[in-house]
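All remarks here apply to the structure that follows.
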Amino acid sequence: MEDQELVMFWLAGDHKLAIRKGLTSISLANELRKKGYKDKLIEDFLNDFARDLKNDQK
């Protein structure tokens, strides 16, 4: 799956699917920047991503 598709899944709330299909924090940040998201919001999303990744590994 392409990064853009994975980010759309993540933004739609299907975080586990996006992570399992290979979404990374770098690809998330890059795609959000392309979409025009501001740095503070990207930082918040990356914090959510890290929390989701940690929870998915349990």
Side-chain angles (χ1 to χ4, degrees):
M1 238 178 218
E2 291 185 26
D3 289 344
Q4 185 177 11
E5 293 172 302
L6 294 172
V7 170
M8 294 305 291
F9 280 117
W10 195 85
L11 289 173
D14 202 343
H15 299 185
K16 286 184 179 185
L17 176 66
I19 290 170
R20 287 184 184 143
K21 293 288 184 178
L23 183 65
T24 65
S25 58
I26 292 171
S27 59
L28 177 61
N30 288 339
E31 289 297 324
L32 292 174
R33 278 194 190 93
K34 287 180 192 175
K35 292 181 179 298
Y37 284 79
K38 302 293 182 199
D39 287 342
K40 177 60 179 142
L41 187 55
I42 292 172
E43 182 181 329
D44 291 342
F45 282 152
L46 289 174
N47 287 334
D48 289 345
F49 180 85
R51 186 173 33 258
D52 291 339
L53 186 61
K54 181 180 175 186
N55 289 338
D56 196 44
Q57 291 176 348
K58 289 182 179 179

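Just so it is clear, the structure is predicted and the values come from calculations on it, not from any experiment.
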Notebook entry, point to check: To the nearest 0.5 Å, how far apart are CG in L6 and CD1 in I19?
Noted result: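 With rounding to 0.5 Å, CG (L6) is 10.5 Å from CD1 (I19).
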Next item on the list: To the nearest 0.5 angstrom, please state how far the CG atom of D39 sits from the CG atom of D44.
Entry: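 If we round to the nearest 0.5 Å, D39:CG and D44:CG are 11.0 Å apart.
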Check: Got more than 12 heavy atoms from elsewhere within 6.0 Å of CD, E5?
Finding: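 Atom CD in E5 is packed in, count exceeds 12.
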Check: Got more than 12 heavy atoms from elsewhere within 6.0 Å of CD1, I26?
Finding: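 Not more than 12 within 6.0 Å, no.
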Note to self: Restricting to non-hydrogen atoms, name the atom on S25 and the atom on F49 that form the minimum distance, rounded to 0.1 Å.
What the structure shows: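 That would be N-CE2, 3.5 Å.
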Item checked: Least distance between heavy atoms, L28 atom then L23 atom ->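 It is N-CD1, 4.1 Å.
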Checklist line | Partner of E31 by side chain to side chain contact (heavy atoms under 4.5 Å, CB included), out of I42, L11, V7 | finding: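 The side chain to side chain contact (heavy atoms under 4.5 Å, CB included) with E31 is passed solely by V7 among I42, L11, V7.
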Note to self: With side-chain contact (heavy atoms from CB on, under 4.5 Å) as the criterion, how do M8 and K35 come out once you've worked through the C-alpha distance, each side chain's angles and the decisive distance to 0.1 Å?
What the structure shows: CA-CA 11 Å; M8 294 305 291; K35 292 181 179 298; 3.6 Å; yes
Item checked: Within residues 7-24 or reaching into it, pairs that qualify as salt bridge (Lys or Arg N to Asp or Glu O under 4.0 Å) - sequence neighbours excluded ->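 Salt bridge (Lys or Arg N to Asp or Glu O under 4.0 Å) check on residues 7-24 returns R20-D56.
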Next item on the list: Identify, with sequence neighbours excluded, every residue that meets ring-ring contact (aromatic ring centres under 6.0 Å, His included) alongside F45.
Entry: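 Listed in chain order: W10, Y37.
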Checklist line | Minimum side-chain heavy-atom gap D3-T24 below 4.5 Å | finding: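 Counting from C-beta outward, D3 and T24 never come under 4.5 Å.
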